[in-house]
Structure formats: structure tokens, C-alpha cells
Amino acid sequence: MTKVLVATEKPFAPVAVEGIKKEIEAAGFELALLEKYTEKAQLLDAVKDVDALIIRSDKVTAEVLDAAKNLKIVVRAGAGYDNVDLEAATAHNVVVMNTPGQNSNAVAELVFGMLVYAVRNFYNGKAGTELKGKKLGILAFGQVGRNVARIAAGFGMDIYAYDAFCPADAIEAAGVHAVASQAELFKTCDIVSLHIPATAETKQSINYDLCSTLKKGAIIINTARKEVIDEAGLIKLMEEREDLKYITDIMPDANDEFASKFEGRYFSTPKKMGAQTAEANINAGIAAAKQIVGFIKEGITKFQVNK
Ligand SMILES: NC(=O)c1ccc[n+]([C@@H]2O[C@H](COP(=O)([O-])OP(=O)(O)OC[C@H]3O[C@@H](n4cnc5c(N)ncnc54)[C@H](O)[C@@H]3O)[C@@H](O)[C@H]2O)c1
């Protein structure tokens with residue numbers, strides 16, 4: 001019988017596990033659970049006889065793939081899949097998928113929760129500013145970026161976006177001004193919201209030179225990945241420019257330095273909160289289960305990321 005393992009150091013909500021179980025069992029497959037594991041050895045042991053694997057931020061390395069002799073598919077319940085060694089998976093003939101879009105509304109809503117908090121001076125009792133009429137720059141017009149644009153329209157913001165791969169007319173069709181480059185976005189906007197993936201090209205790309213072109217009083221909000229920030233460069237710039245704020249859902253390596261140097265201009269969630277909603281949890285888990293059933297029964301590879 002086809003065996004599907006859910007391996008989650010940080011488990012899904014129980015209602016999401018129930019939903020996954022229903023999908024898997026309805027397909028006639030068996031579901032196994034490895035939750036809150038603390039040792040790599042537990043994962044290596046659990047994958048030994050499974051055909052399919054559902055993970056969250058869990059690391060799927062060459063060692064895990066070596067141990068999983070029957071493995072055919074790994075689905076990362078979520079958008080980012082930098083926790084899976086894609087090259088090793090391809091070499092092991094294992095299909096890797098993500099579940100794009102399932103948590104993007106959750107992340108986009110958090111952007112605005114954090115932005116209101118920032119423009120109202122972290123609720124310190126002093127007068128802040130409003131989002132209405134401000135220029136919002138969305139860096140990358142993917143699933144999250146599009147949801148940010150939709151919500152920003154409700155706030156009455158003037159919305160700009162740049163995406164290296166999404167054509168300008170698709171951005172304009174969503175009622176958003178398309179700009180020609182990342183540099184132009186940073187120069188133009190009062191608030192820049194990051195939604196790029198962490199790739200060889202984007203890592204450390206939000207650096208001193210780029211950010212030094214930001215307008216007076218600008219805010220950078222990061223709900224993407226910490227790796228895209230050149231932390232040393234941003235710290236240097238924020239030391240020079242007391243008007244800039246950095247708000248993030250992904251705690252930087254230099255969190256202590258940011259927090260001690262930039263009180264009132266810096267905020268990080270203690271743990272990544274973007275996708276932490278009941279709805280996102282359930283949606284992503286069930287989508288992962290459905291994609292596994294679709295792949296094993298019908299060979300559907302729509303969301304494969306290691307083609
Ligand atoms: N905070 C959280 O909990 C949380 C949750 C989900 C996703 N994320 C992160 O948010 C980011 C966006 O996720 P998504 O679901 O919108 O992904 P997505 O794949 O839908 O969109 C990413 C977009 O980035 C664009 N892009 C890629 N390289 C680029 C570059 N060099 N310059 C400009 N644009 C580029 C792509 O064309 C695409 O439109 C990812 O980094 C993801 O890991 C964080």
C-alpha cells in the first residue's frame with residue numbers, strides 16, 4: 001500500500017492533520033505521522049519505507065533522500081522550498097512540489113498588521129501616520145505580492161510593483177503601477193514590501209546601495225526571507241539615517257544588534273508568523289495531500305519545482 005509520511009518538527013494544527021488523513025485514506029493510501037521530532041535519526045528512520053512525504057520547514061537533504069529508498073515525491077506544504085535539496089532530489093528521481101498560494105493571504109494580512117503597528121510608532125502613544133495615500137512598493141508580484149496589492153487598495157495606497165519575471169501588463173491589469181526596475185521601486189516608494197524568493201540572485205540583494213536611495217522616513221518590510229537582506233549593510237545605513245525603519249517577520253541573524261541600536265525603528269516577530277493561521281495551515285496541508293494523490297494516481301506534476 002502507498003505510504004505517505006507527514007514529517008513536521010513544527011506540527012500542523014490537528015484539524016489540518018485530520019484533513020490530510022481524510023484525503024490520503026480516501027485514496028486508499030496509508031498515513032504515518034512523525035511530529036515534533038528532535039533528532040535527524042528519527043526522520044531518517046521514519047522515511048525508510050515511505051512513498052511520499054509531506055513536510056513544512058523540515059530539511060530534506062541528500063542524507064534523508066538516501067535513507068528513503070521508496071520515495072517518489074516530497075511536497076513542501078507552503079511556498080518556499082529552500083529547505084529541500086532539489087539537486088539531490090532530482091538525482092534520486094524524486095519529484096519535489098510546493099503548494100503555492102495557500103498561505104499568501106495570511107502573509108499579506110500580516111504585512112498590514114505590521115505596517116499599521118510601524119506607522120503608529122509601535123503604539124507608543126505618540127501621533128503616527130496613515131497608510132492612505134502613501135506609495136507602496138511591492139518587490140515581486142507573486143502570490144503574496146498580489147494579495148498585498150489587493151489589500152493595499154482597500155487602504156487607499158498608491159501601489160507600485162516590480163517583478164523580474166512577471167510582465168508589466170499583468171501588473172498593470174491588477175491596477176498597480178509597474179516600474180522598470182528594483183532600483184526605481186526603492187527610489188519611488190515610501191514603503192517597500194519584500195516578496196522575492198531567496199535565490200542565488202536575490203540573496204543579500206537588499207543592500208546598502210539600494211536602500212540608501214530610499215525616501216526620507218521610508219519603511220522596509222520583509223515577510224519573504226532573511227537571506228535577501230545584507231544585514232551589515234542595512235545596519236550601517238540605519239546608523240547613518242535615523243529616518244529609516246525595518247520591520248520583519250523573519251528574525252535577522254543580527255537581531256540583537258538591530259534591536260539594541262534601532263529602538264523604535266525596528267521590529268521582528270519572535271518567530272515567523274506569516275503563514276501561522278488556521279486557514280493557511282489547513283489549506284497548505286490539504287493541498288499537499290491532494291497533490292500527492294494526483295501525482296501517484298494520475299502522474300500530475302503541475303506544482304513540481306525540480307523539473
Ligand atoms: N513569512 C512567511 O511565513 C512566509 C510565508 C509564505 C511565503 N513566504 C515567502 O514570501 C516570498 C514570496 O512568496 P510567494 O508565495 O509570493 O512566491 P511566488 O513564487 O508566488 O512569487 C515570487 C515572485 O518573485 C518573483 N521573482 C523571482 N526572482 C525575482 C527577482 N530577482 N526580482 C524580482 N522578482 C523576482 C517571481 O517572478 C515571482 O512572481 C518567498 O520568499 C516565500 O518564501 C514567507
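Heavy-atom basis, side chains included; hydrogens, waters and symmetry copies ignored. Along the sequence shown, the residues carry numbers beginning at 1. Start at 1 and go down the list; that is how both ligands and their atoms are numbered.
Ion pair Glu242/Arg265 not flagged as a salt bridge, since none of the NZ, NE, NH1 or NH2 atoms sits closer than 4.0 Å to an Asp/Glu carboxylate oxygen.
Cation-pi geometry between Lys132 and Phe155 is not satisfied (NZ or CZ under 6.0 Å from the ring centre, within 45° of the ring normal).
For Lys245, there are no salt bridge (Lys or Arg N to Asp or Glu O under 4.0 Å) partners two or more places apart in sequence or in a different chain.
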Less than 3.5 Å apart, which donor and acceptor atoms pair up between the side chains of residues 11-34 and the rest of the protein, not counting sequence neighbours?
none

Verdict with supporting geometry, Tyr246 and Phe262, ring pair (Phe, Tyr, Trp, His ring centres under 6.0 Å): CA-CA 9 Å; Tyr246 180 52; Phe262 309 123; 9.5 Å; no
Write none if no such pair exists; otherwise list each N/O atom of ligand 1 with its protein N/O partner under 3.5 Å and the distance.
{"residue": "ligand 1", "atom": "1 (N)", "partner": "Thr223", "partner atom": "O", "Å": "3.1"}
{"residue": "ligand 1", "atom": "1 (N)", "partner": "Asp249", "partner atom": "OD2", "Å": "2.9"}
{"residue": "ligand 1", "atom": "3 (O)", "partner": "Ala275", "partner atom": "N", "Å": "3.3"}
{"residue": "ligand 1", "atom": "16 (O)", "partner": "Gln143", "partner atom": "N", "Å": "3.2"}
{"residue": "ligand 1", "atom": "16 (O)", "partner": "Val144", "partner atom": "N", "Å": "2.8"}
{"residue": "ligand 1", "atom": "20 (O)", "partner": "Gln143", "partner atom": "N", "Å": "2.9"}
{"residue": "ligand 1", "atom": "34 (N)", "partner": "Ala164", "partner atom": "N", "Å": "3.2"}
{"residue": "ligand 1", "atom": "37 (O)", "partner": "Asp163", "partner atom": "OD1", "Å": "2.6"}
{"residue": "ligand 1", "atom": "37 (O)", "partner": "Asp163", "partner atom": "OD2", "Å": "3.4"}
{"residue": "ligand 1", "atom": "39 (O)", "partner": "Asp163", "partner atom": "OD2", "Å": "2.6"}
{"residue": "ligand 1", "atom": "41 (O)", "partner": "Ile196", "partner atom": "O", "Å": "2.9"}
{"residue": "ligand 1", "atom": "43 (O)", "partner": "Arg225", "partner atom": "NH1", "Å": "3.2"}
{"residue": "ligand 1", "atom": "43 (O)", "partner": "Arg225", "partner atom": "NH2", "Å": "3.3"}

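Grouped with Met1 in a hydrophobic cluster is no other residue, since no side-chain heavy-atom contact under 4.5 Å to another Ile, Leu, Val, Met, Phe, Trp or Tyr is found.
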